[in-house]
Amino acid sequence: MDLIPLPAFADNYIWMLHDGQRALVVDPGDAEPVFGALQRLGLQLQTILVTHHHADHVGGVDKLRNATGAHVFGPARERIPEPLEKLNDGAQIEAMGLAFEVIDVPGHTAGHIAYYCADLEGRPLLFCGDTLFSGGCGRLFEGTPAQMLHSLDRLAALPGDTRVCCTHEYTLSNLKFARAVEPRNADLVHYTAQCEEKRAQHQPTLPSSIALELRINPFLRTRQPEVADAARAFDAKAHDDASVLGALREWKNQFK
Ligand SMILES: [Zn+2]
Ligand SMILES: [Zn+2]
């Protein structure tokens with residue numbers, strides 16, 4: 001099984017899994033890169049997974065479904081182009097012969113879901129949309145810091161070797177902020193250098209892994225004293241884990 005990120009728009013990736021014959025894509029905001037890959041690799045699109053309702057994640061769904069007959073899965077609590085199979089937390093689905101579990105991750109949007117496969121050729125895999133990014137997390141458009149904290153906690157509890165497939169190439173800008181939060185984090189310095197080299201060669205920095213994110217992502221590290229102190233230096237009212245996360249998110253929104 002091959003896992004490839006198809007670049008779309010300015011910084012989206014449409015993740016594709018294929019076995020040389022059949023393909024699955026996640027959050028196809030644009031149909032064209034998917035059609036291109038299907039043709040180039042001689043694949044039949046079988047499944048579309050959608051994480052949330054934003055246009056850059058669903059814009060290509062109708063075209064792809066109409067052209068290929070692919071089965072569409074998406075969150076039950078959001079408006080996604082129909083027909084689709086609507087999923088709630090804990091749902092188990094099968095696609096491409098793989099078992100995926102649905103995890104509710106509200107925060108970026110109210111009904112955002114993630115897809116977790118415990119075993120893709122011996123390693124777990126996560127499609128997390130705009131909830132978790134490498135070095136960052138999604139903006140809180142429809143949810144509270146407490147909801148996002150709970151969602152990120154659920155993802156952080158997945159096995160460390162889980163490959164994390166995020167939808168945006170935001171890594172370098174996230175890491176710039178992360179270094180402002182934790183200037184003494186040596187893993188962060190090392191990882192930044194690796195990512196800068198990849199981007200200089202136009203390579204994706206993704207997928208990441210849960211183990212790596214736990215070491216470098218301030219939004220998964222709100223309970224580290226250095227991170228909480230830095231958040232409080234930005235907003236003195238940040239008193240508990242959720243308000244620390246809220247302060248970090250607000251700080252990141254203003255960060256240049
Ligand atoms: Zn989004
Ligand atoms: Zn997005």
Side-chain angles (χ1 to χ4, degrees), residues 2-18 22-41 43-87 93 95-96 100 102-103 105-116 125-134 136-143 151 155 163-174 199 202-208:
D2 272 351
L3 174 67
I4 45 178
L6 305 174
F9 308 117
D11 50 35
N12 286 58
Y13 293 125
I14 300 169
W15 289 94
M16 174 181 268
L17 260 179
H18 75 85
R22 303 167 303 166
L24 166 158
V25 291
V26 186
D27 288 350
D30 185 1
E32 293 315 314
V34 180
F35 282 131
L38 294 173
Q39 196 164 43
R40 195 166 64 242
L41 300 165
L43 304 169
Q44 175 68 40
L45 185 66
Q46 191 181 62
T47 305
I48 298 172
L49 305 181
V50 174
T51 64
H52 68 293
H53 68 84
H54 286 159
D56 64 310
H57 297 247
V58 302
V61 167
D62 280 337
K63 260 193 193 168
L64 289 168
R65 188 204 304 99
N66 293 343
T68 65
H71 189 78
V72 183
F73 294 95
R77 294 186 294 126
E78 298 203 346
R79 262 187 57 196
I80 307 295
E82 304 215 22
L84 81 157
E85 188 168 335
K86 298 178 177 183
L87 303 172
I93 62 168
M96 306 275 299
F100 287 89
V102 173
I103 306 175
V105 284
H108 176 67
T109 62
H112 199 305
I113 60 174
Y115 297 86
Y116 174 68
L125 178 73
L126 174 71
F127 294 120
C128 55
D130 287 355
T131 296
L132 175 63
F133 296 121
S134 186
C137 75
R139 282 178 186 255
L140 298 176
F141 287 121
E142 299 172 13
S151 297
L155 301 183
R163 278 166 292 184
V164 177
C165 302
C166 327
T167 306
H168 293 273
E169 180 62 67
Y170 290 159
T171 310
L172 286 182
S173 109
N174 286 339
R199 293 309 293 152
H202 307 288
Q203 298 293 316
T205 59
L206 304 168
S208 182

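Residue pairs that meet the salt bridge (Lys or Arg N to Asp or Glu O under 4.0 Å) test with at least one member in residues 49-76, sequence neighbours left out, are Glu32-Lys63, Asp62-Arg65. The side-chain hydrogen bond (donor to acceptor under 3.5 Å, both in side chains) analysis of residues 66-77, with sequence neighbours excluded, yields the pairs His71-Glu85.
For the ring pair (Phe, Tyr, Trp, His ring centres under 6.0 Å) test, residues two or more places apart in sequence or in another chain that qualify with Phe141 are His54, His108. Considering only residues two or more places apart in sequence or on other chains, Thr109 meets the side-chain hydrogen bond (donor to acceptor under 3.5 Å, both in side chains) condition with Glu78. Taking His53 as the reference, nothing meets the ring pair (Phe, Tyr, Trp, His ring centres under 6.0 Å) condition, with sequence neighbours excluded. Scored by the side-chain hydrogen bond (donor to acceptor under 3.5 Å, both in side chains) test, His18 finds no partners at all (sequence neighbours excluded).
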Under the criterion side-chain contact (heavy atoms from CB on, under 4.5 Å), I'd like the reasoning laid out for Cys128 against Leu155: C-alpha separation, chi angles, the key distance, then a yes or no.
CA-CA 9 Å; Cys128 55; Leu155 301 183; 4.2 Å; yes
Test side-chain contact (heavy atoms from CB on, under 4.5 Å) on Leu3 and Leu125; report intermediate values, then the result.
CA-CA 10 Å; Leu3 174 67; Leu125 178 73; 3.8 Å; yes
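Taking OG1 of Thr47 as the start and CZ of Phe73 as the end, the distance is 6.0 Å to the nearest 0.5 Å. With rounding to the nearest 0.5 angstrom, the CZ atom of Phe127 is 9.0 Å from the CZ atom of Arg163. For the atom pair CD1 (Ile4) and CG (Leu41), the distance works out to 5.5 Å, reported to the nearest 0.5 Å. Taking CG from Leu17 and CG from Asp2, the interatomic distance works out to 9.0 Å, rounded to the nearest 0.5 Å. Atom CG of Leu49 sits about 8.5 Å away from atom CG of Leu87, to the nearest 0.5 Å. Between Leu132 atom CG and Cys165 atom SG the span is 11.0 Å, to the nearest 0.5 Å.
Using a 4.5 Å cut-off on side-chain heavy atoms (C-beta onward), Pro28 and Val61 make contact. Within the 4.5 Å cutoff, side-chain heavy atoms of Glu169 are placed close to those of Pro204. Side-chain contact between Asp30 and Phe9 is present, with at least one heavy-atom pair separated by less than 4.5 Å. Put simply, the side chain of Val25 reaches to within 4.5 Å of the side chain of Leu45, judged on heavy atoms.
Shown are Ile14, Thr167, Val58; of these, the side-chain contact (heavy atoms from CB on, under 4.5 Å) with Asp27 is made only by Thr167.
In this structure, Phe100 and Tyr115 have perpendicular ring planes: the angle between them is above 60°, well past the 30° mark.
His112 places a side-chain N or O within donor-acceptor distance of the main-chain N or O of Asp130, the cut-off being under 3.5 Å.
Residues Gln44 and Leu38 come closest through the heavy atom pair C-CD2, 4.4 Å. Scanning all heavy atoms of the two residues, the minimum distance from Tyr13 to Thr205 falls at OH-N, 4.4 Å. Nearest heavy atom pair, residue Ala31 against residue Leu64, reads CB-CG, 3.8 Å. Nearest approach of Leu43 to Ala37, heavy atoms of both residues: CD1-O, 4.5 Å. In terms of heavy atoms, Ser134 sits closest to Cys166 at N-SG, 3.8 Å. Asp11 and Tyr170 make their closest contact through OD2-CE2, 3.4 Å (heavy atoms, listed as atom of the first residue, atom of the second, distance).
Between Phe133 and His168, the distance from one ring center to the other falls under 6.0 angstrom.
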